[in-house]
Amino acid sequence: MGRVKDILSKLDALYADPKSELHHRSDFELLISVILSAQATDAAVNRVTGKLFQQYPTAKAMSKAPQASLEAVLRPLGLYKNKARNIKKTCRILQETHGGDVPRQQTALEALPGVGRKTANVVLSAFGIPRIAVDTHVARVSKRLKLAEWEDSPRTVEKKLMDALPKSRWTRTHHQMILFGRYRCRSRKPACEGCPLKPWCRYPDI
DNA sequence: ATCCCGAGGG
DNA sequence: CCCTCTGGAT
């Protein structure tokens, strides 16, 4: 068995059915939730989305929300001024140029304020389109498992993973790596004792 | 005290 | 490329 196949099978054993903790009822709620999750925990996002979508159920309503009112709801997330401004502008663009829908093109998504490459990939991935969303977890895990080099940019990590992994596995594997990096292969004190991926890992050589 | 589940701007 | 925005986690 090759190195990549071994790693994939170990990840499968750890996380049989990886799922995002973000629950959404619509494309709109999905997009906004993912924008809000930048530099925030899912728990924090889930704490504010109830009130947020109750007060502003649609892109139209949210685009007209008073800035101060939005900030008040988003405050527990951190970066709340930017996030309030961004989701307002994003909602305006959704109405004005996408007929109130969430676009499914990479470039259209990345043109939305608050949506960079990682966020766009998470959204596309949730739409069933094969993408690899590289956050700090995926980047760190990839580097430790020698699927990328330590100095690689997130974009380079994404390219290397797309090249190394079968397309049918992209979505599943990046979800698994996010979970693995968050809970076990942490940046600070990784739980290396008994880790099934130890044979392929170069921590802490780097 | 320090790092971090990003993105935008200079 | 490097800085900033913020609360939360450790």
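In this text the structure is predicted, and so the values were computed from the model without any measurement. Keep in mind that the numbers below use all heavy atoms, side chains included, and drop hydrogens, waters and symmetry copies. Below, chain A is the first sequence line, B the second, and so on; all start at residue 1.
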Legend entry - Residues within residues 151-162 of chain A bordering DNA chain C, heavy-atom distance below 4.0 Å: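 Within this stretch, nothing sits under 4.0 Å of the strand.
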Legend entry - Near-strand residues of residues 66-84 of chain A, defined as heavy-atom separation under 4.0 angstrom from DNA chain C: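 Only A:Arg75, A:Pro76, A:Gly78, A:Leu79, A:Tyr80, A:Lys81, A:Asn82 qualify.
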Could you state the [atom1]-[atom2] distance from [X] to [N], rounded to the nearest angstrom?
{"X": "A:Ile35", "N": "B:dG6", "atom1": "CD1", "atom2": "P", "answer": "14 Å"}
{"X": "A:Ile32", "N": "B:dA7", "atom1": "CD1", "atom2": "P", "answer": "14 Å"}
{"X": "A:Leu109", "N": "B:dA7", "atom1": "CG", "atom2": "P", "answer": "12 Å"}
{"X": "A:Ile87", "N": "B:dG6", "atom1": "CD1", "atom2": "C1'", "answer": "16 Å"}
{"X": "A:Arg85", "N": "B:dG9", "atom1": "CZ", "atom2": "C1'", "answer": "10 Å"}
{"X": "A:Glu110", "N": "B:dA7", "atom1": "CD", "atom2": "P", "answer": "9 Å"}
{"X": "A:Lys118", "N": "B:dG8", "atom1": "NZ", "atom2": "P", "answer": "13 Å"}
{"X": "A:Asn46", "N": "C:dG8", "atom1": "CG", "atom2": "P", "answer": "15 Å"}

Legend entry - A:Ile87, A:Leu94, A:Val122 screened by side-chain contact (heavy atoms from CB on, under 4.5 Å) with A:Leu31, the one that passes: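 Answer to the side-chain contact (heavy atoms from CB on, under 4.5 Å) test with A:Leu31 among A:Ile87, A:Leu94, A:Val122: A:Leu94.
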Pick the [atom1] atom in [N] and in [M], then give their distance to the nearest Å.
{"N": "B:dC4", "M": "C:dC3", "atom1": "C1'", "value": "16 Å"}
{"N": "C:dT10", "M": "B:dG6", "atom1": "P", "value": "15 Å"}
{"N": "B:dC3", "M": "C:dT4", "atom1": "P", "value": "16 Å"}

Legend entry - A:Arg47 side-chain proximity, nearest of B:dC3, C:dG8, B:dA7: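 Nearest nucleotide to the side chain: C:dG8.
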Any side-chain N or O of [X] under 4.0 Å from OP1/OP2 of [N]?
{"X": "A:Thr41", "N": "C:dA9", "result": "no"}
{"X": "A:Gln39", "N": "B:dG6", "result": "yes"}
{"X": "A:Ser37", "N": "B:dG6", "result": "no"}

Legend entry - SB check A:Arg104 A:Asp27 (cutoff 4.0 Å):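 Salt bridge between A:Arg104 and A:Asp27, a charged N being under 4.0 Å from a carboxylate O: yes.
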Inset, instruction - Check every strand shown and say whether A:Arg140 touches a base, only sugar-phosphate, or nothing at a heavy-atom separation below 4.0 Å. - result: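 The answer is sugar-phosphate, as A:Arg140 gets under 4.0 Å only of primed atoms, P, OP1 or OP2.
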Legend entry - 5'-to-3' dot-bracket of DNA chain B (Watson-Crick, G-U; under 3.5 angstrom; crossing pairs as [ ]; | other strand): ||||.||||.
Inset, instruction - Any chance you could measure A:Glu193, atom CD, to A:Cys195, atom SG, to the nearest 0.5 Å? - result: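 With rounding to 0.5 Å, CD (A:Glu193) is 9.5 Å from SG (A:Cys195).
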Inset, instruction - Any chance you could lay out the side chain to side chain contact (heavy atoms under 4.5 Å, CB included) test for A:Val123 and A:Ile129, step after step, and finish with the verdict? - result: CA-CA 9 Å; A:Val123 170; A:Ile129 301 169; over 6 Å; no
